[in-house]
Amino acid sequence: MSAMLELVDVYKIYQVGDEEVRALNGVNLRVNEGDFVGIVGPSGSGKSTLMHILGCLDVADFGTYYLDGQPVEHFSANDLATIRNLRIGFVFQSFNLIGRMTIEENVELPLLYRRVKPAMRRALVDEALHQVGLYNRRKHTPSSVSGGQQQRAAIARAIVTNPSLILGDEPTGNLDSKTSAEIMEVFETLSSQGKTVVLITHDTQVASRARRIVHIMDGTVSEESIR
């Protein structure tokens with residue numbers, strides 16, 4: 001199976017006062033097309049930095065990140081913005097929904113940026129909302145639905161453009177255990193449909209729902225397991 005994402009000896013180094021902090025310290029990681037990977041580690045382990053590298057929100061200081069076989073460091077800032085817009089769906093802990101807009105308007109936003117025609121936008125939004133079980137709440141604003149429903153809306157917004165990669169940054173971090181389990185079922189369904197899903201989390205229970213679990217500690221991938 002071909003690698004969608006591959007990090008080879010990747011370092012990310014920050015200068016904090018007189019101290020050099022290696023947020024990523026020689027990370028090697030391969031994610032194949034269609035993988036469902038949970039990357040788990042405590043606060044300060046480097047997992048958020050890793051997420052930023054994988055999502056083309058930041059670039060490595062040393063080493064190489066290959067995305068679909070292409071080294072990311074050769075891309076311009078505009079190239080990276082295009083990749084984020086066309087190929088990656090992001091789901092964040094804080095949902096990042098716009099409060100004054102309805103659920104369906106929030107989900108529609110990425111399609112507006114792509115200048116998709118109105119009839120196609122409606123069809124794609126409806127399909128994404130059905131996929132996450134939120135179609136009957138489409139006219140509500142974020143403040144009038146539960147946290148779990150807000151995260152479902154965020155997932156719908158992430159998948160409405162049919163990206164090849166879905167990245168979740170602590171996607172259950174603001175949810176109770178029951179709702180977290182329900183949200184993980186959504187990710188499992190997306191994975192079963194062939195999406196490549198990578199979730200960053202501090203919660204081992206959440207990570208255990210993935211097919212592959214990658215442990216990160218002190219900026220280094222320390223252990224991998226497959227269930």
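For the single chain, residues carry numbers from 1 onward in sequence order.
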Practice item. Any chance you could lay out the side chain to side chain donor-acceptor pair (under 3.5 Å) test for T82 and D79, step after step, and finish with the verdict? Key: CA-CA 5 Å; T82 299; D79 291 335; 5.6 Å; no

From [atom1] ([X]) to [atom2] ([Y]), nearest 0.5 Å:
X    : Y    : atom1 : atom2 : answer
E127 : R122 : CD    : CZ    : 15.0 Å
N32  : E6   : CG    : CD    : 9.0 Å
L7   : R30  : CG    : CZ    : 12.5 Å
T64  : H74  : OG1   : NE2   : 7.5 Å
R121 : R115 : CZ    : CZ    : 12.0 Å
D35  : K195 : CG    : NZ    : 15.0 Å

Would you find a donor on one side and an acceptor on the other, under 3.5 Å apart, between the side chain of [X] and the backbone of [Y]?
X    : Y    : value
Y135 : D126 : no
E104 : V125 : no
Q149 : S146 : yes
R137 : L129 : no
E170 : H202 : yes
Q150 : S144 : no

Among the clusters formed by ILVMFWY side chains lying less than 4.5 Å apart, do [X] and [Y] turn up in the same one?
X    : Y    : value
V40  : M51  : no
F95  : L199 : yes
L175 : I200 : no
V107 : L109 : no
F187 : I88  : no

Discussion item. Run the side chain to side chain contact (heavy atoms under 4.5 Å, CB included) test on L24 and I216 for me, step by step, so that the C-alpha distance in whole Å, both residues' side-chain angles and the decisive distance to 0.1 Å come before the verdict.
Written reply: CA-CA 9 Å; L24 297 180; I216 185 168; 4.1 Å; yes

What I'd like to find out is whether the side chain of [X] reaches to under 4.5 Å of the side chain of [Y], using heavy atoms alone.
X    : Y    : answer
M184 : Q205 : no
C56  : F75  : no
I183 : R152 : yes
H215 : V221 : no
E108 : V160 : no
I39  : L29  : yes
N96  : F90  : no
V31  : V214 : no

_CE (M101) with more than 12 external heavy atoms under 6.0 Å_ = yes

Q: Count the heavy atoms belonging to other residues, nucleotides or ligands that lie under 6.0 Å from CD of E73, then report whether that count exceeds 12.
A: yes

Handout entry: Working for side chain to side chain contact (heavy atoms under 4.5 Å, CB included), residues I83 and V72
Key = CA-CA 10 Å; I83 288 169; V72 166; 5.6 Å; no

Nearest heavy-atom pair of [X] and [Y]: which atoms, and what distance?
X    : Y    : value
A210 : G38  : CB-N, 3.3 Å
L67  : R87  : CG-NH2, 3.8 Å
I13  : E20  : CG2-CG, 3.1 Å
A154 : V91  : O-CG2, 4.4 Å
I159 : V132 : CD1-CG1, 4.4 Å
D9   : N28  : N-OD1, 2.8 Å

Paired with K12, the side-chain contact (heavy atoms from CB on, under 4.5 Å) test is passed by just one of D61, V21, N25, V27, namely D61

Determine whether M4 and D68 satisfy the following criterion, side chain to side chain contact (heavy atoms under 4.5 Å, CB included), listing intermediate values before the conclusion.
CA-CA 5 Å; M4 174 178 282; D68 289 328; 3.6 Å; yes

Problem - Ring geometry between Y11 and F62 (parallel below 30°, tilted from 30 to 60°, perpendicular above 60°) - result: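 It falls in the perpendicular class, over 60°.
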
Would you sort out whether D218 and R22 count as a side chain to side chain contact (heavy atoms under 4.5 Å, CB included), showing the intermediate values? CA-CA 8 Å; D218 297 330; R22 297 192 173 198; over 6 Å; no

